[in-house]
Amino acid sequence: MKYTNEIREALLRRMLPPNNESPAKLAKESGISEPTLRDWKKKAMSGGMPLPEVDIRPDDWSTQDKFVVVVETFGLSETELAEYARKKGLYVDQIKSWRDACINANGGMTMEASILNKELKAAAAENRQLHKELDRKEKALAEAAALLVLRKKANAIWGDPEDE
């Protein structure tokens, strides 16, 4: 069954904050099936309108919903931001903290990558140093083994000087 855009928009507005009416309640009142209302809500969410589930607080919204709000409010002045927040049932401070989180999201990764890169270089230098030391010790051990073999052979040929 086809419904007019006015009916659809009116019901969507009732599902939006600050009303946050459930699709089940609206289905009983309007006579439109609950799956249809949920489908409208789902399509509205995928279209960029943040419409989380009825009982979810804005701080518990998905990261996608928060990001949509940040993108929609990025160029707004303080008064426009306050008006937008009122319409969506949000606080300006929430939107600002979400914006800061989005801005710092990649910065933290860059800093973390830089720290990990420095640690990797330090570990590689330590690894090279340990390999040098291991090579030196292996050479010293091989030399000591060769000297022992030579001593044994010399003792076998000329006899042990300590026995005399």
Side-chain angles (χ1 to χ4, degrees), residues 1-139 141:
M1 174 180 265
K2 291 279 185 180
Y3 298 99
T4 64
N5 286 337
E6 292 82 23
I7 292 173
R8 181 180 298 194
E9 288 174 14
L11 292 173
L12 277 173
R13 264 187 261 117
R14 290 179 64 185
M15 287 189 275
L16 280 169
N19 299 330
N20 287 336
E21 293 183 44
S22 73
K25 178 184 173 191
L26 292 177
K28 287 178 185 174
E29 289 179 15
S30 66
I32 299 172
S33 71
E34 186 176 345
T36 301
L37 293 173
R38 289 191 188 281
D39 186 50
W40 290 354
K41 186 175 180 180
K42 183 179 177 183
K43 286 179 182 176
M45 286 178 70
S46 67
M49 293 174 61
L51 300 171
E53 294 301 319
V54 175
D55 295 330
I56 298 178
R57 297 182 339 219
D59 286 333
D60 296 333
W61 285 9
S62 71
T63 54
Q64 291 90 351
D65 291 337
K66 291 177 182 179
F67 182 71
V68 168
V69 170
V70 169
V71 169
E72 287 179 350
T73 61
F74 189 72
L76 301 180
S77 68
E78 285 293 321
T79 54
E80 293 169 331
L81 180 63
E83 183 179 334
Y84 178 91
R86 268 193 311 279
K87 284 181 183 176
K88 298 290 183 176
L90 301 169
Y91 293 105
V92 174
D93 291 339
Q94 284 176 319
I95 297 173
K96 287 181 179 180
S97 69
W98 295 346
R99 183 181 299 163
D100 291 341
C102 288
I103 289 171
N104 294 328
N106 289 333
M109 294 295 281
T110 305
M111 185 178 292
E112 186 176 320
S114 173
I115 291 170
L116 288 175
N117 196 17
K118 287 178 184 177
E119 289 175 359
L120 180 63
K121 285 181 181 180
E126 183 182 2
N127 192 14
R128 281 192 300 275
Q129 181 65 30
L130 289 173
H131 275 290
K132 281 183 182 179
E133 189 176 329
L134 181 62
D135 288 342
R136 183 184 58 79
K137 288 181 178 180
E138 284 177 349
K139 287 177 184 176
L141 184 61

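Numbers for residues simply follow the sequence, beginning at 1.
Closest non-hydrogen pair, Gly75 versus Glu80, comes out as O-OE1, 4.5 Å. Closest of all the heavy-atom pairs between Phe67 and Cys102 is CD1-SG, 3.8 Å. When every heavy atom of Ala85 is checked against every heavy atom of Ile95, the shortest pair comes out as CB-CD1, 3.9 Å.
Residues Leu11 and Ile7 are in side-chain contact: their nearest non-hydrogen atoms beyond the backbone lie under 4.5 Å apart. Considering only heavy atoms from C-beta on, Leu141 stays 4.5 Å or farther from Lys137 through its side chain. In this structure, Arg136 and Glu133 have side chains that are in contact, with non-hydrogen atoms separated by less than 4.5 Å. No side-chain heavy atom of Val70 sits under 4.5 Å from any side-chain heavy atom of Lys66. Using a 4.5 Å cut-off on side-chain heavy atoms (C-beta onward), Leu76 and Glu83 make no contact. Put simply, the side chain of Thr73 does not reach to within 4.5 Å of the side chain of Trp98, judged on heavy atoms.
Taking CD1 of Ile32 as the reference point, atom CG of Leu37 lies at 5.5 Å (rounded to 0.5 Å). In this structure, Asp135 CG and Leu130 CG are separated by 11.0 Å, a value rounded to the nearest 0.5 Å. To the nearest 0.5 Å, the span separating CD on Glu126 from CZ on Arg128 amounts to 11.0 Å. Rounded to the nearest 0.5 Å, atoms CG (Leu116) and NZ (Lys121) are 12.5 Å apart. Of the inter-residue distances, the one linking Ser33 atom OG with Arg38 atom CZ reads 10.5 Å to the nearest 0.5 angstrom.
Between the side chains of His131 and Asn127, at least one donor-acceptor pair of N or O atoms lies under 3.5 Å.
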